[in-house]
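By convention in this document, chain letters (A, B, ...) are assigned in the order of the sequence lines, proteins followed by strands, and residues within each chain are numbered from 1.
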Amino acid sequence: MAGAGPAVSSGAGRLERDFFARPAPLVARELLGARLVHLDGGVRRVVRIVEAEGYHGRLDRASHAFRGPTPRAAIMFGPPGVAYVYLIYGQYFCLNVVTGAPGEPSAVLLRAAEPLQGCLGSTRGPGNLCRALAITRDRHNGLDLGGATLYFERERAGLAPGTGLAPPAGRIVITPRVNVTPAGPRAAARRWRFVLAPSAWVSGPDRRRHAPRPA
DNA sequence: CCAAGGATTGGC
DNA sequence: CCAATCCTTGGA
């Protein structure tokens, strides 16, 4: 019967709100291999996610939600499946997906992806990824990712038993998050970064480690 | 109001 | 290693 899959809803394998209403590290891991589609006016921009990080809850010192629902972070306290876009270092945008139950602030930072269609420059690194997809705060912050403009989808073939998710091609590597060292030892020790390797598009100081072997 | 610093990036 | 560049936050 159609529409019986647990985490993935009907249609062309699009990820719906229930997929995101779970802990951030779990969502981050399962987003690996999924396609992110931005219908940018008449232009279709598509990538395949290869790196994502979870920022999990009120006690995660590295999370923007750590200091409570400040004006910027308030969106993380809202419903899941919504885009959280912020400006970093005055010049780059970063795209997150709000996860977890409402009131349980968490999000997944999309750090790197493989370019598939319509990308503007490099998709390696969160700032570059947003630029390549033409994601901006004024246009996309707070946008429902279940809508027609910006959404995730994955292949329906080869669904993993019990999950409704297609197993991504490649190996999932789990590491500490990038640049959370200043947030304190506890946050730095969390292994909430997920990489789909091998990939030439992984960011971070260990990206060579996850790059494809030279032929 | 002011000062400090940032979930980054690219250049030296 | 370090500056760019401006928004966010917290404290006076």
Side-chain angles (χ1 to χ4, degrees), chain A residues 20 23-32 36 47 49-78 80 82-100 104-115 119-143 145 150 152 173-196 199-211:
Chain A
F20 301 103
L26 182 61
V27 174
R29 185 175 57 127
E30 294 191 1
L31 276 178
L32 297 182
L36 174 60
V47 298
I49 304 298
V50 300
E51 182 182 348
E53 285 178 348
Y55 287 83
H56 188 212
R58 187 71 173 75
L59 300 181
D60 179 3
R61 203 175 176 82
S63 170
H64 289 171
F66 179 71
R67 307 192 178 273
T70 61
R72 180 180 64 169
I75 193 167
M76 290 181 67
F77 290 76
V82 168
Y84 167 42
V85 182
Y86 66 89
L87 180 70
I88 187 66
Y89 295 104
Q91 37 197 29
Y92 303 102
F93 293 115
C94 292
L95 172 63
N96 300 252
V97 189
V98 176
T99 58
E104 183 186 64
S106 63
V108 169
L109 170 66
L110 303 176
R111 289 197 54 90
E114 172 188 350
C119 290
L120 310 167
S122 171
T123 53
R124 175 188 294 135
N128 289 334
L129 178 59
C130 279
R131 188 177 52 192
L133 288 170
I135 301 293
T136 61
R137 182 182 50 184
D138 59 328
R139 295 168 72 198
H140 302 284
N141 191 36
L143 189 66
L145 295 176
L150 188 64
F152 292 91
V173 180
I174 307 176
T175 80
R177 294 169 292 181
V178 175
N179 279 339
V180 305
T181 312
R186 284 184 210 173
R190 307 286 196 187
R191 296 166 65 83
W192 287 341
R193 171 172 175 250
F194 300 86
V195 173
L196 185 57
S199 170
W201 303 101
V202 177
S203 74
D206 58 351
R207 60 190 184 88
R208 290 197 59 187
R209 177 176 172 77
H210 303 118

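- Partners of A:F194 under the ring pair (Phe, Tyr, Trp, His ring centres under 6.0 Å) rule, at least two apart in sequence or in another chain, do not exist in this structure.
- Residue A:N179 places none of its side-chain N or O atoms closer than 4.0 Å to OP1 or OP2 of B:dT9.
- A:E104 pairs by the side-chain hydrogen bond (donor to acceptor under 3.5 Å, both in side chains) definition with nothing, not counting sequence neighbours.
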Give the table of side-chain donor-acceptor pairs shorter than 3.5 Å for residues 123-133 of chain A, with sequence neighbours excluded, one pair per line with atom names and distance.
residue : atom : partner : partner atom : Å
A:T123  : OG1  : A:A113  : O            : 2.5
A:R124  : NE   : A:V202  : O            : 3.3
A:R124  : NH2  : A:A200  : O            : 2.4
A:N128  : OD1  : A:R131  : NH2          : 2.9
A:N128  : ND2  : A:R124  : O            : 2.8

Any N/O pairs under 3.5 Å between the protein and nucleotides 1-5 of chain B? List them or say none.
none

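- A:S199 and A:E114 share no donor-acceptor pair across their side chains, judged by distance under 3.5 Å alone.
- Classification of the A:H64-A:Y86 ring pair by plane angle, with boundaries at 30° and 60°, yields perpendicular.
- Contacts of A:N128 with the nucleic acid, taken as non-hydrogen atoms under 4.0 Å apart, involve only primed sugar atoms and P, OP1 or OP2.
- Here the C1' atom of nucleotide B:dT9 and the CZ atom of A:R124 are 12 Å apart, to the nearest Å.
- With sequence neighbours excluded, the residues forming a side chain to side chain contact (heavy atoms under 4.5 Å, CB included) with A:S106 are A:A24, A:H56, A:T99, listed by chain and number.
- Not counting sequence neighbours, the partners of A:E53 by the side-chain hydrogen bond (donor to acceptor under 3.5 Å, both in side chains) test are A:Y55.
- Partners of A:A134 by side chain to side chain contact (heavy atoms under 4.5 Å, CB included), not counting sequence neighbours, listed by chain and number: A:H38, A:D40, A:R45, A:L120, A:R139.
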*For nucleotides 6-12 of chain C, just jot down a letter per nucleotide in 5' to 3' order: B, S or -, based on protein non-hydrogen atoms under 4.0 Å.*
BSSSS--
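- Separating the CZ atom of A:R191 from the P atom of B:dA7 is a distance of 21 Å, rounded to the nearest angstrom.
- Nucleotides B:dG6 and C:dC1 place their P atoms 16 Å apart, quoted to the nearest Å.
- With rounding to whole Å, A:R207 atom CZ is found 10 Å from B:dT9 atom P.
- Residues that satisfy the side-chain hydrogen bond (donor to acceptor under 3.5 Å, both in side chains) test with A:T70, not counting sequence neighbours, are absent from this structure.
- The side-chain hydrogen bond (donor to acceptor under 3.5 Å, both in side chains) check on A:S122 picks up nothing, with sequence neighbours excluded.
- Between A:E51 atom CD and B:dT8 atom P the separation is 10 Å, expressed in whole Å.
- Taking the side chain to side chain contact (heavy atoms under 4.5 Å, CB included) definition, one finds that A:Y92 meets it with A:I88, sequence neighbours left out.
- Nucleic acid contact for A:R177: none, since no nucleic acid atom lies under 4.0 Å from a heavy atom of the residue.
- A close approach under 4.0 Å does occur between a side-chain nitrogen or oxygen of A:R131 and OP1 or OP2 of B:dG10.
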_Dot-bracket line, read 5' to 3' along DNA chain C, where crossing pairs take [ ] and | marks a partner on another strand, Watson-Crick or G-U under 3.5 Å_ = ||||.||||||.
